[in-house]
Colleague: 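Take a look at this one; I'll ask things after.
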Amino acid sequence: MSAENSSANVPGAATPAPSDFVRDIVARDVAEGRYQRIITRFPPEPNGYLHIGHAKSICLNFGIARENQGICHLRFDDTNPAKEDIEYVESITQDVNWLIAGWADQCLGYKMKGTGPATVTTGGKPDFTIASVPATTPGSEAFFASDYFEALYAYAVQLIQRGKAYVCDLTPEETDAYRGAPDKPGRNSPFRERSITENLDLFARMRAGEFPNGARSLRAKIDMASPNVWLRDPLLYRIRHTAHHHAGDKWCIYPLYDFAHCLSDYLEGITHSVCTLEFTEHRPLYDWILESLDLPRSLPHQYEFAKLNISYMVFSKRRLLQLVDEGYVQGWDDPRLPTLSGARRRGIPASAIRRLAALVGVTKYESVTDIALFEHAIREELNSLAARRLAVLRPIKVILTNLSAGEVIPCEATNNPQDETPSTRPVALTREVFIESDDFAEVPPPKYFRLKPGGEVRLKYACIIKCDEVVKDASGRITELRCTADLSTRSGAPNADRKVKGTIHWVSASNCIDAEVRLYDRLFKVAEPAATDDFRQHVNPQSLEVVNAKLESSLAAATSRDYFQFERLGYFVADAKDSSPSRLVFNRTLTLKDTWAKPAGGKA
RNA sequence: UGCCCGAUAGUGUAAUGGUAGCACAACGGAUUCUGACUCCGUUUGUCUAGGUUCGAGUCCUAGUCGGGCAGCCA
C-alpha cells in the first residue's frame, strides 16, 4: 500500500503523483534526511465554512503527507474567541473528513481529547510537545491552538526574560500611529525599555485580569525601522475578557496569530508549514519568534503558495456571508455555493475536487482557473461513478398506437457502459410514454435528428418509433404525439441494428414516479464577480430552476449517496436535506457536455 | 513614491542553461442505441529592452504590468 506513486486519488486514471515546487522542497528535505517523518497541517480558524479554495490547501497538505508516509494534522487556529464558534469546528471537521475519505484518511492526525502539550526534556533542555494519534483512535479529536495557551504563555515569559518582548501601554490607535507606514519607519514605544522584572510583573497581571481590554499588550522587541512592517514590534498578546469556545473562561489574554501559529507548528513537530501567499511577509516574524526562543527540536519552516480562484465563483468569507444573509442562496450548504457542504449536496464527489486540485497545480502565481476545468473534473469522475437512469424533465406524452393498453414490453437498460462488465436493469415499455419536449420539433431546425412529424427516432433500450400525428388542444398547444412502435427493432430482435439518426430517452407513463428536480446553473453571469463594483448585481437569476419530472421507477430507492446520470441530461443526486421516499427531490450536479446546443443557439 | 512576491497559447500548468510540452477550452473529423464517453487532427505561447553564453523561458541588469503588506483578524 505504498502511497509513493499512488494514483488511487484519481480513480480511473493512471496519473502520477503530482509535482510542484512545495513537493520539490519536501522531496529535497526527505532526500537529505532532514526529518524523521514529514508532518504537515491544515489550520483553519473555526469562523466560517470550508470552500473549494480550502480544499486546494487540504489536498496539498494531505497529499504531501500521504506521498511521504507522513501525517497531516487538522488543527483549529482558534486564538480569537470573539469570532469563533463550535458550530464551525463541527462543520470543518466533517468537511475535511469527507474530502479525504478513501484517499488520505490514514494520514489524518488527531490528538487525545482534553490533552495539551506535555512537558518533556529534549537534549537536556526543557521542552513542550504534543503527539498525534490516528484520527480513528477512540477518544481522539482534532488539534486546537487553544490547548497550547499555557505553553504559549510560558514561551512569552521566556521571550520577556530574554529581553525580546515587553508590555506596552499604548492604545490601539497610538500603536497604529507609532508603527509608521510601509515607506516610513515607525517610532519606538515609550514603554519599550521597561525592565524585565517590570515586564514580567505586568504580563502576569495582564493574565490575572487586572486590566481592561486594550489597556496593554505584549509586544516583540524587534525593529521599529524595519522595512517589513510585521517586524515593527508586532503584538504577541492582547487582553480580551471573553470566554473561549474551546478553552472555556480560563483566559483573558489571547495570543495573536503570528505568535501562536509558529509555536503551534513547533509543538506538533510540523516540518513543513504550508500557507497562502498573504503570509509571505510574516515569514521573517515566524522565524524570528522560533529562533528567539531556546527550542531544542528542529524548527518548522513556512512555505507559501497561491490560493485557488475559479471563474464565475466567489470565495471570500465576506461575500459568501452576504450571499447567505441577503437571501441570494438558501444557506451555507446551498448547492450553488462553492462551500464543501454545498458541493457535497450538489452531488460533486470529493474525488472530483481532489482531481481539480491535482489539475490546477501549486504555484506562486495568483491565477483564475476556468470553471470549465472544474466541470471537466466533475464529469470525469461522475462518468465512471454514476449509474445511468432514464428521466424526463419536461414531459410530452407519446401514445404508441399499435400497443394495447395493458401491454408491457420488457427492456434491458445498461447501468453504466463505462463498467468493465456492465450490469443491466429491467425497464418497461408501455402504450403511453413520456419523452423530453426538446426531443420533438414540429418544425425541426437543420440537422435536427430527434423526433419530428413523420420522422423516426429510437427510444433507448426499446425500439424505433415513428411519429404519425401531432395532437393539439384548442389553443394550439401540443398535448400528445401518436406514434407507431416498430417492435422488430427491439434490442435483440432481428432489426435491432436498423439505424436511425436519433436515440432519445423516455419513461413509461404508467410505470414512472414523480419528482421535484432542481436544475442548478452557475451562480454568477460574469467570469470574475469579485472584481466588479458589486458582485451581487451579477447573480444569475436563472441559477435555479425547479421542474416536476417523470423518473423511471427504480429511482424511488435513491439516496443522497448515489450518483446518477439521467441519460442525455446530466448528473443528478437526491437532495440530502429535502428528499424523502414520499417526496423525491433531485439536484442536478452538472449537465452533460452538449455540442449540439451551441450551434443550434439554444432552444429551437 | 518603502519592502516582498509574481509574469510561458484563451485558461491553468511543465520544461531546474540544450528540440517550448501537457491538460482544459475552441475548431474540424471518426465512432456512437446518451448530439455523452472514446479516438484522430488543427489553431494559438516564453511581458519589454539590454547583457552573460556556443546556446537563455531558465542566469544578470533595468523597465513594464499584476498582486500583497501599515488589525490588539487569521
Side-chain angles (χ1 to χ4, degrees), chain A residues 19-21 24 43-45 47 77-80 82-84 168 170-172 175-176 179-186 213-219 226-232 234-240 254 256-258 260-261 275-284 304 306 311 317 359-377 379-380 383-384 388 390 413-414 417-418 447-450 457-464 489 491 496-505 527 565-570 591-600:
Chain A
S19 164
D20 54 64
F21 82 96
D24 288 348
E45 183 187 17
N47 71 343
D77 215 341
D78 56 349
T79 57
N80 187 356
K83 291 191 172 177
E84 299 155 5
C168 182
L170 253 25
T171 66
T175 307
D176 244 23
R179 188 159 29 231
D183 56 348
K184 270 189 217 99
N213 289 349
R216 291 188 219 264
S217 62
L218 184 73
R219 293 231 251 164
S226 171
N228 181 334
V229 293
W230 290 102
L231 259 19
R232 320 243 263 227
L235 270 80
L236 268 19
Y237 268 89
R238 78 286 222 181
I239 299 172
R240 284 285 174 278
Y254 291 96
L256 278 111
Y257 165 84
D258 289 293
H261 201 90
C275 61
T276 45
L277 249 31
E278 66 267 29
F279 293 101
T280 305
E281 18 284 306
H282 295 240
R283 189 182 346 118
E304 311 88 16
S311 59
K317 219 164 262 179
L359 249 21
V360 298
V362 180
T363 65
K364 291 170 95 88
Y365 177 67
E366 272 231 45
S367 57
V368 179
T369 293
D370 191 336
I371 194 171
L373 191 65
F374 185 35
E375 295 180 342
H376 167 76
R379 291 191 180 105
E380 193 90 337
N383 184 40
S384 53
R388 307 297 106 135
L390 297 176
T414 305
Q418 307 293 322
K447 295 227 209 114
Y448 184 82
F449 43 82
R450 281 110 95 157
V457 78
R458 179 178 287 277
L459 296 185
K460 188 156 192 188
Y461 306 124
C463 62
I464 294 172
T489 61
S491 307
D497 288 341
R498 213 184 106 202
K499 301 289 180 206
V500 282
K501 196 65 181 157
T503 298
I504 64 173
H505 58 277
Q565 181 195 108
F566 291 175
E567 296 217 39
R568 302 207 310 129
L569 295 171
T591 61
L592 254 23
K593 267 172 77 173
D594 188 353
T595 47
W596 159 253
K598 279 168 201 164

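Just so it is clear, the values below take in all heavy atoms, side chains as well, and ignore hydrogens, waters and symmetry mates. A, B, ... follow the sequence lines: proteins, then strands. Residue 1 opens every chain.
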Colleague: Quick test: give all pairs of protein nitrogen or oxygen and nucleotides 20-24 of chain B nitrogen or oxygen below 3.5 Å, distance rounded to 0.1 Å.
Modeller:
none

Colleague: Looking for any heavy atom pair under 4.0 Å, which part of the strands does A:Tyr257 touch: base, sugar-phosphate only, or nothing?
Modeller: base
Colleague: Does OP1 or OP2 of B:C73 have a side-chain N or O of A:Arg240 closer than 4.0 Å?
Modeller: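 Checking B:C73 against A:Arg240, a side-chain N or O does come within under 4.0 Å of OP1 or OP2.
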Colleague: On a whole-Å scale, what distance lies between the C1' atoms belonging to B:G45 and B:U8?
Modeller: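 It comes out at 6 Å once rounded to the nearest Å.
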Colleague: What I want to check is whether an N or O donor and acceptor connect the side chain of A:Glu366 with the base of B:G6 at under 3.5 Å.
Modeller: no
Colleague: Would a distance-only check, ignoring hydrogens and angles, find a side-chain to backbone donor-acceptor pair under 3.5 Å from A:Arg240 to A:Asn213?
Modeller: no
Colleague: Regarding A:Lys83 and A:Glu45, does a basic nitrogen lie under 4.0 Å from an acidic carboxylate oxygen?
Modeller: no
Colleague: Spell out, as yes or no, whether a donor-acceptor pair under 3.5 Å connects the side chain of A:Thr503 to the backbone of A:Arg458.
Modeller: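 Judged by distance alone, no pair lies under 3.5 Å.
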Colleague: Give me the ring orientation class for A:His282 and A:Tyr257: parallel if the planes are under 30° apart, tilted from 30 to 60°, perpendicular past 60°.
Modeller: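 Rings of A:His282 and A:Tyr257: perpendicular, over 60°.
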Colleague: Between B:G12, B:G2, B:U13, which nucleotide gets closest to the side-chain atoms of A:Pro227?
Modeller: B:G2
Colleague: Using a heavy-atom cut-off of 4.0 Å across all strands, would you classify A:Arg283 as base, sugar-phosphate, or nothing?
Modeller: nothing
Colleague: Distance check needed: B:C72 C1' versus A:Leu235 CG, whole Å only.
Modeller: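 After rounding, the gap between these two atoms is 5 Å.
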Colleague: Are the side chain of A:Thr489 and the backbone N or O of A:Arg498 linked by a donor-acceptor pair below 3.5 Å?
Modeller: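 No.
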Colleague: At under 4.0 Å between heavy atoms, what does A:Pro43 touch on the DNA or RNA strands: base, sugar-phosphate, or nothing?
Modeller: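 Nothing, no nucleic acid heavy atom in range.
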Colleague: When you get a sec, tell me which of B:U1, B:U16, B:C72 is the closest nucleotide to the side chain of A:Asp24?
Modeller: B:U16
Colleague: Out of B:C73, B:A7, B:U34, which nucleotide sits closest to the side chain of A:Glu567?
Modeller: B:U34
Colleague: What's the closest nucleotide to the side chain of A:Arg238 if the choices are B:C72, B:C33, B:A36?
Modeller: B:C72
Colleague: Would you tell me if any nitrogen or oxygen in the side chain of A:Lys501 comes within less than 4.0 Å of OP1 or OP2 on B:G35?
Modeller: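 No.
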Colleague: Between the side-chain atoms of A:His505 and the base atoms of B:A36, is any donor-acceptor pair under 3.5 Å?
Modeller: no
Colleague: Quick one: A:Trp230 CH2 to B:C4 P, roughly how many Å, whole number?
Modeller: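 Rounded to the whole Å, the gap is 18 Å.
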Colleague: Between A:Arg232 (side chain) and A:Ala181 (backbone), is there a donor-acceptor pair under 3.5 Å?
Modeller: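 Here the side-chain-to-backbone pair exists.
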Colleague: Between A:Thr276 and A:Glu278 (side chain of the first, backbone of the second, donor and acceptor by atom type, cut-off under 3.5 Å), is there such a pair?
Modeller: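 Absent.
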Colleague: Partner of B:U53 by Watson-Crick or G-U wobble geometry, both contacts under 3.5 Å, or none?
Modeller: none
Colleague: Give the nucleotide from the list B:U1, B:C4, B:C73 with an atom nearest to the side chain of A:Glu281.
Modeller: B:C4
Colleague: Taking atom NZ as the centre, does A:Lys364 end up with more than 12 heavy-atom neighbours from other residues, nucleotides or ligands that are less than 6.0 angstrom away?
Modeller: yes
Colleague: Taking atom P in both B:C24 and B:A20, compute the distance separating them and give it to the nearest angstrom.
Modeller: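 Taking atom P in both B:C24 and B:A20, they lie 23 Å apart.
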Colleague: Where the side chain of A:Lys460 is defined as all heavy atoms beyond and including C-beta, which of B:C69, B:U34, B:C72 is the nearest nucleotide?
Modeller: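 Nearest listed nucleotide: B:U34.
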Colleague: Which nucleotide in the list B:C33, B:A70, B:C73 gets nearest to the side chain of A:Arg179?
Modeller: B:A70
Colleague: Please tell me which of the listed nucleotides, B:G68, B:C73, B:C33, lies nearest to the side chain of A:Thr503?
Modeller: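 Selected nucleotide: B:C33.
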Colleague: Does the B:C5 base have a donor-acceptor partner in the side chain of A:Thr280 within less than 3.5 Å?
Modeller: no
